[in-house]
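Notes follow the structure.
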Amino acid sequence: MFDFKQYMKNQQRRINEKLTTLLSKNRQNSRLLSAMHYSLMAGGKRIRPILCISAASAVNINHVDVLPVACAIECIHTYSLIHDDLPAMDNDDLRRGNPTCHKAFDEATAILAGDALLTLAFEILSDKALSYLPHLQLEIIRILAHAAGPYGMIEGQMRDIASETRQLKENELEQLHNLKTGALITASVNAGAILAKATEDQQEQLNAYAQSIGLAFQVIDDVLNVKGDPKRLGKAVGTDTDLQKNTYPGLIGLDQAEERARKLVQQAVESVRYFDNQAEPLRAIANYIVRRDH
Ligand code: GRG
């Protein structure tokens with residue numbers, strides 16, 4: 001029987017150890033590295049890097065070591081959270097139960113820590129010491145840049161901000177969520193699959209899996225912003241309503257939003273039906289996404 005809790009714990013430990021080595025040099029003397037470390041090691045769930053690792057294992061258990069790529073993805077994710085919390089964006093004081101980066105340090109340091117995590121990610125990804133085939137390494141760099149950039153997460157964030165003053169239609173909200181949250185989640189799965197040399201069919205199935213969980217993840221994020229426990233979430237709730245954000249509960253109601261997330265997770269699990277037991281972590285992560293309380 002697959003032990004999901006233990007699996008997550010083991011993967012989180014591996015990721016945390018690797019992130020620490022990637023960032024350790026002379027941190028004490030550097031305000032910038034301290035701020036990067038502060039946000040990177042603040043207790044995130046590591047869902048995206050674990051998805052990358054799990055997708056690679058689903059394709060080939062003896063896969064190449066994707067841990068550096070997984071860690072680079074977490075750097076990109078952490079940068080996006082630091083910048084999202086800034087006064088010019090969501091202006092949040094708490095993240096993962098701790099003061100946000102700009103509160104713990106200052107605004108300029110937080111901007112620079114985010115910038116530095118993003119650029120560090122691409123330094124890690126392009127390291128020539130990595131043992132990947134060069135054309136695969138280049139392809140994952142392209143996929144992650146695309147997902148994080150103006151055709152992915154940043155465009156999603158732009159639409160999120162621009163739509164605060166008007167009601168979106170459901171298809172517009174879905175597109176926004178797919179860009180803001182889904183793109184990096186999908187790229188995490190696809191990067192793992194590509195490095196493990198997935199066939200075209202496997203890549204398509206994993207891509208479908210990732211798109212479904214990417215949207216489900218954001219729908220549940222919207223739901224938690226309405227009915228989550230602030231202590232468990234480590235941040236305030238009700239902020240989407242205060243900022244007049246377009247959300248699934250706001251658009252289709254809380255129950256319908258939860259139902260939509262459940263359906264998406266069923267679709268995700270269905271997408272990986274031809275994979276064997278090695279895809280158990282992917283199935284368990286999909287189910288965890290609708291059950292999660294933080
Ligand atoms: C500022 C360029 C830029 C982009 C920001 C991802 C994003 C775009 C903003 C984050 C805002 C937000 C709350 C989005 C909802 C989905 C999401 C990314 C939640 C946080 O991810 P988790 O739950 O966080 O994986 P942890 O803390 O576990 O790492």
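Read the numbers this way: they start at 1 and go in the same order the structure lists the ligands and their atoms. All residue numbers in this chain count up from 1 along the given sequence.
- At least one heavy atom of T181 sits closer than 4.0 Å to an atom of ligand 1.
- Among protein heavy atoms, atom 27 (O) of ligand 1 sits closest to R96 NE, 2.7 Å.
- Looking at H77 next to ligand 1, an N or O pair under 3.5 Å apart turns up.
- Atom 6 (C) of ligand 1 has its closest protein heavy atom at S80 OG, 3.5 Å.
- Around CZ of F2, the count of heavy atoms belonging to other residues, nucleotides or ligands within 6.0 Å exceeds 12.
- Closest to atom 11 (C) of ligand 1, if we only count protein heavy atoms, is D84 OD2, 3.1 Å.
- Here the heavy atom of the protein found nearest to atom 25 (O) of ligand 1 is R48 NH1, 2.7 Å.
- Within ligand 1, the atoms closer than 4.0 Å to a non-hydrogen atom of Q218 are 14 (C), 15 (C), 16 (C), numbered from 1 in the order shown.
- Close contacts between ligand 1 and K180 involve ligand atoms 6 (C), 8 (C), 14 (C) [criterion: under 4.0 Å to a heavy atom].
- If you check which protein heavy atom lies closest to atom 23 (O) of ligand 1, you get K45 NZ, 2.5 Å.
- Taking a cutoff of 4.0 Å between a charged side-chain nitrogen and a carboxylate oxygen, R14 and E17 do not qualify as a salt bridge.
- Close approach of ligand 1 to G44 is summarised as follows: ligand atoms under 4.0 Å from at least one heavy atom of the residue are 26 (P), 27 (O), 28 (O), 29 (O).
- The shortest heavy-atom distance from R46 to ligand 1 is not under 4.0 Å.
- Each salt bridge (Lys or Arg N to Asp or Glu O under 4.0 Å) pair with one or both residues in residues 164-186, not counting sequence neighbours, appears once here: D160-K180, E164-K245, R166-E172, E170-R260, E174-R260.
- When the shell of 6.0 Å around NZ of K9 is examined, it contains 12 or fewer heavy atoms from other residues, nucleotides or ligands.
- Defined by atom type and a distance below 3.5 Å, a donor-acceptor pair is missing between the side-chain atoms of N171 and Q175.
- Note that R283 lies outside the cation-pi zone of Y209, set by a 6.0 Å cut-off to the ring centre and a 45° limit from the axis.
- Of the protein's non-hydrogen atoms, Y79 OH, 3.2 Å is the one closest to atom 2 (C) of ligand 1.
- Counting heavy atoms closer than 4.0 Å to ligand 1, residue L184 contributes nothing at all.
- Listed by atom number, the atoms of ligand 1 under 4.0 Å from I154 heavy atoms are 2 (C).
- Residues F4 and N287 are not in side-chain contact: their nearest non-hydrogen atoms beyond the backbone lie 4.5 Å or more apart.
- At the top of the distance list for atom 13 (C) of ligand 1, counting protein heavy atoms only, stands D221 OD2, 3.6 Å.
- Panel note: side chain D90, backbone L86; no donor-acceptor pair is recorded below 3.5 Å.
- Atom CD of E259 has more than 12 heavy atoms from other residues, nucleotides or ligands within 6.0 Å.
- Every ring-ring contact (aromatic ring centres under 6.0 Å, His included) that Y151 has, sequence neighbours left out, goes to H146.
- For atom 8 (C) of ligand 1, the closest heavy atom belonging to the protein is Q157 OE1, 3.4 Å.
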